[in-house]
There are 2 protein chains.
Amino acid sequence: MSPKQGTKQGRTSERREALVQIAAELFADQGYRATTVRHIGDAAGVLSGSLYHHFDSKETILDELLSSYLGDLLDTYRAVVADGTTPTRALGELVRVSFRSMSEHRAAITVLQNERGYLRGLPRFDYLTEVEAEVRRIWITVLRDGVAAGEFRADLDPLVTYRFLRDSVWVAVRWFRRDGSLSADQLAEHYLSLIFDGLTQRV
Amino acid sequence: MSPKQGTKQGRTSERREALVQIAAELFADQGYRATTVRHIGDAAGVLSGSLYHHFDSKETILDELLSSYLGDLLDTYRAVVADGTTPTRALGELVRVSFRSMSEHRAAITVLQNERGYLRGLPRFDYLTEVEAEVRRIWITVLRDGVAAGEFRADLDPLVTYRFLRDSVWVAVRWFRRDGSLSADQLAEHYLSLIFDGLTQRV
DNA sequence: TTCCTACCCAAGCGCTAGCTTGGTAGCGTA
DNA sequence: TACGCTACCAAGCTAGCGCTTGGGTAGGAA
């Protein structure tokens, strides 16, 4: 998935990973393009030029951040649907693990959301489209299975419903705080209650 | 709301408005900061320096785009809740007019979403926070009224529910296309059906 | 004819971006 | 003692940024 490794810069090291995390926070808070290599250097306590001992470009730092996060996310999603439970339970788990990943990978997710349009123009990040396609496949399969099993309403368009769910969940990263009043799991339950049962009061 | 007018550049003109729209499309597609004044000039068929006959800065173009859109939106929202209908109908209308504004003001909304974090640091755009506060007040009032009237569930946190609705609706601007298979109104109905009744099949 | 206004060009200024280059301090290995 | 490797500094390159300045032109009013 990730770009060619094998150069002296291709292998991972502790320092390298730490630098990626430092850069990730800046990317998330100020935007990727608005974050300069001098900012990253300052935050890491080195001169900007020294970053190029570890990475061959600023883009490489971003790539490393995104590809490693997305690799994890896909693994988690695949595990959820491989379980073979009911669609309702599977959908619940997809929402829960998504919210959990939000508290662990806030920076990566934020960057992904904010810079998606920009990255679409870079061939290096073509793999983002592939990952999105698999994620969509997983969610929509669960939705279709739920309709087939009579658990979900049959009058809803699966694609529109998927987009609704995806957007609702992931955009929460904009305001979700780890130290906020609601934990990721509590938030997931709140969202699930809305998603499954709606806003209307039942009599 | 908007900055001081009255200079020779303060008044509106056809050319001025056309330039704002040209810039708006570029801002939306490439990001505000990634769009250079030379890009805008090229798209408008003039040299970049000529833009400064109409605007005193690139920031002014953005300000004009956002403030005029938000003025319209607030007027529309105020009219919806001033009607004095039921909370269910009011919420439905809020969602509908939001989706409608999406097809008319795609560029402004997209920019607002993508650059919100950046604009937070600019005093010139402090009014965005005020507008957001009023919008939130309007939505949450409808939600609370709905609970009080027994139309909406009482076990949901209004603030979390507001964020859920706001995010779900507005993020759709990322993929909504005017010429797509679904109109803004059709999309609104689909979303409302999900929001009110949820995903679960009722027996 | 003269003047004003709106609109635009041509050229370039000061600045900052990502990145490069040559060199060096510290440490483990033989 | 010498070597090689990792991590870094110091200095500066080129490209492109937002914006300025001075000037030119077309069209209408006086």
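For the numbers below, each heavy atom of this structure counts, side chains included, while hydrogens, waters and symmetry mates do not.
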Asks: Polar atoms only, N or O, under 3.5 Å: list the protein pairs with nucleotides 10-16 of chain C and their distances.
Replies:
none

Asks: Looking at B/W175, is A/R163 sitting on its ring face, NZ or CZ under 6.0 Å from the six-membered ring centre and within 45 degrees of the normal?
Replies: yes
Asks: What integer distance in Å separates A/E14:CD from D/dT6:P?
Replies: 15 Å
Asks: Separation of A/L19 atom CG from D/dA7 atom P, in whole Å?
Replies: 10 Å
Asks: Whole-Å distance between C/dC9 C1' and B/L51 CG?
Replies: 12 Å
Asks: Taking the side chain as every heavy atom from C-beta outward, state whether A/L199 and B/L143 have any pair of such atoms under 4.5 Å apart.
Replies: yes
Asks: Could you list by number each residue of residues 23-33 of chain A showing a heavy-atom separation from DNA chain C of less than 4.0 Å, or answer none if no residue does?
Replies: none
Asks: So which nucleotide from D/dC19, C/dC7, D/dC8 ends up closest to the side chain of B/R15?
Replies: C/dC7
Asks: For A/T129 and A/R120, test the side chains for any donor-to-acceptor distance below 3.5 angstrom and give the result as yes or no.
Replies: no
Asks: Would you kindly give the NE2-to-C1' distance between A/H54 and D/dC9, to the nearest whole Å?
Replies: 12 Å
Asks: Would you mind telling me which of B/R174, B/R178, B/E25 makes a side chain to side chain contact (heavy atoms under 4.5 Å, CB included) with B/R106?
Replies: B/E25
Asks: Please name all residues satisfying ring pair (Phe, Tyr, Trp, His ring centres under 6.0 Å) with B/F99, sequence neighbours left out, ordered by chain then number.
Replies: B/Y191
Asks: Decide, yes or no, whether a salt bridge links A/R100 with A/D185 under the criterion of side-chain N to carboxylate O below 4.0 Å.
Replies: yes
Asks: Verify side chain to side chain contact (heavy atoms under 4.5 Å, CB included) between B/E17 and B/S68, making sure each step is shown before the conclusion.
Replies: CA-CA 11 Å; B/E17 288 176 25; B/S68 77; over 6 Å; no
Asks: Quick one: which of C/dC19, D/dC19, D/dT6 gets closest to the side chain of B/Y52?
Replies: D/dC19
Asks: For the side chain of B/S168 and the backbone of A/S168, is there at least one donor-acceptor N/O pair under 3.5 Å apart?
Replies: no
Asks: What is the distance, rounded to the nearest whole Å, between atom CG of B/D56 and atom P of D/dC19?
Replies: 9 Å
Asks: Rounded to whole angstroms, how far apart are CG on B/L62 and C1' on D/dG18?
Replies: 15 Å
Asks: Is a side-chain donor or acceptor of B/E93 paired with a backbone partner of B/V80 at a separation under 3.5 angstrom?
Replies: no
Asks: Would you mind reading off the distance between A/F55 atom CZ and D/dA7 atom C1', rounded to a whole angstrom?
Replies: 13 Å
Asks: Can you see if the side chain of A/H53 gets near the phosphate of D/dC9 - specifically, an N or O under 4.0 Å from OP1 or OP2?
Replies: no
